[in-house]
Amino acid sequence: MIRIYWAALLALSLAACGSSKTRRVAIEDDDKITGTGLESGDIESIAALAEDLMGVPQLTGPHVSGVPTVAIHPVRNNTNQDFDAENLVRRIRQQLVNKANGKITFVTRDQMDEALIERERTEKRAGERTSSKQVTKTGADFYLTGTASSLSKVGRGYESNAIWIDFRLIDAENGELVWEKEYKTKKVGKAGVVTR
Amino acid sequence: MKPSVLLLLLVAVGACRSRPPYRAPDEPFRRGDPAGTLRRLQAEGQEGIAPEDEALWRCEAGAAALCAGDEEAAFRVLHAASAILGTLESSSAENARAIFGEEATKTWKGDPHERCMNALYKGILYWRRGDLDNAAACFKRGLLADGWSEAGEHQQDFAVLSFLLAWASDRRGLEEQARFSFEEAARNQPDNRAFKNPRPRERNVLAVVEIGRGPTKVAEGLNGSIARYYAHDTQERGMEFLLDGRPIGRSGRGTDLYLQAITRGKRVLDGVRKGKAIFKEGAKIGGIIVAYEGARRRDWGMAAVGVGAILFSALTNAEADTRHWVLLPGEVQAVPLSIPPGPHTLTVRVLDGSGRAIPGWERDFSVDVADSQDTLYYFRSGGRRTIHALVGRQESNATQ
């Protein structure tokens, strides 16, 4: 009987004072340290969404001549969670480059380039520039844009956060929306300890 | 209850360590030397910070780094702190410890006003990096944190956060969000003329101003079970800005962190009562009665239960968690300014309650304003009449 008590004592002591061991987990797995923002699993799922782009006829269809160029823009963050938009773009680009096998050229653009791209769109409309035939440093046939938005609630110690990330592929020449996809997730949890 | 079971429980409780609550070394900061406090915090970090205090330590380091002009360090530590503050729930082990041990053994996640300030500082730093998207996200996050409370009231009255969100939204072309947030800022701080009439298109520089000393949290009441905040009296009430010798603006009332700490919305909290203190007293009194009755009836099992309850009471630590962010200012303000692009001398004066400049409390800054609409400066009055600032573009700014 005494042995059982000592075992229970040891277990209680360990539980009371806590112990931790580092362990390796898959990047898409949720861990115990969770918040209501984007987690690594979300980033991986979002990047995987981009594979769907490979089926867009304007990019890979039989009537496409040359190698189209897609400019990947930063994801606009309209949520209440700050996140590394550049990391998100890098993950998306990596997926796309690996899947495209050279059939599509990808370039990344930051927000500073947007004015330049608008000018380029005007030039393309005027027939002064055709990126499929004449790939330039700034040229693009399509723009891939993303916008993250959220709806959040807090109350009675709980927090709920719904996040949508909308991706759009836009024809640079005429502004036509040629592909659209969304990633959505909702997380609810007990907010961290608040001492009042 | 057998004596061995009693022993088991007592040892388990005893396994929880007890130590004084963490407090940042703020003496150099009070003398106007935030870099000195930052160095001491870094030294503490090298020695090792208890995991439950890490977020607090990082927040303190962030505030010190901001004033010391080290934006990169400030961003790094505040970002890491927010990851801890944003983590949901406490571990079961932490909760078990806190049942009988100190509240301060739980991971520090700050009171709502402290979470707001973490978000506000991060927003300022994102803004100064030119990332208005993430800056706005942080201000929204701060406003949400303002609404967090166990009771469930959802009040957002942190006017400066609303104003900063409004300004960032305007710069991002989100006019509806900007209008809503400007109105919210004006509603929560009706005494501020700039909040009522922001005119964002006419002003190209936004100055975030911090004055005074943040509230101090102490344990009071039965077994120190009530956490209460106290304000610090300060002479300074705002700042005045002169461009090449010409007055261009004064900061008005913003967000008082003491009021934020003691209120949820319009309701004033008279400290925090903890059930643990009542349990502690109840167990002690109940234990004495049971032990006495057991001894009187010669029922030694009953007596042991009574003694156990008394010991349990003695080992229960009901003291409230008094850890708090000591380097916070007393008040945060925001004032829009109109400064023509190019190099200028910007003079900053600290004002007293009657709006007069406090003698000897001013500083000249050489600024080179970019031809853009999204410049943000940060100013904080410090000990020994210093003024700390971030006025360059991601440059290190020595403190005076």
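Here is the naming used below: chain letters follow the sequence lines, and residue numbers restart at 1 for every chain. Treat the numbers as computed from the prediction; the structure is a model and nothing was measured.
Side-chain atoms of Asn80(A) never come within 3.5 Å of backbone atoms of Cys138(B) as a donor-acceptor pair (strictly under, hydrogens ignored). Within the 3.5 Å criterion, the main-chain N or O of Asp82(A) finds no donor-acceptor partner in the side chain of Lys122(B).
Counting non-hydrogen atoms of other residues, nucleotides and ligands closer than 6.0 Å to CD of Glu180(A) gives a total above 12. Counting non-hydrogen atoms of neighbouring residues, nucleotides and ligands closer than 6.0 angstrom, the CD atom of Glu86(A) reaches no more than 12 such neighbours. Few gaps surround CG on Asn98(A); more than 12 heavy atoms of other groups in view lie less than 6.0 Å from it.
Taken to the nearest 0.5 Å, the CG atom of Asn77(A) stands 11.5 Å off from the CG atom of Leu132(B). The distance from the CG atom of Asn78(A) to the CD atom of Gln177(B) is 8.5 Å, given to the nearest 0.5 Å. For the atom pair CG (Leu144(B)) and OG (Ser150(A)), the distance works out to 8.0 Å, reported to the nearest 0.5 Å. The CG atom of Leu174(B) sits 7.0 Å away from the CZ atom of Arg76(A) when rounded to the nearest 0.5 Å.
Using a 4.5 Å cut-off between heavy atoms, Leu165(B) makes no contact with chain A at all. At a 4.5 Å heavy-atom cutoff, Phe139(B) makes no contact with chain A through either its backbone or its side chain.
By the 4.5 Å heavy-atom criterion applied to side chains, Gln81(A) and Lys140(B) are not counted as neighbours.
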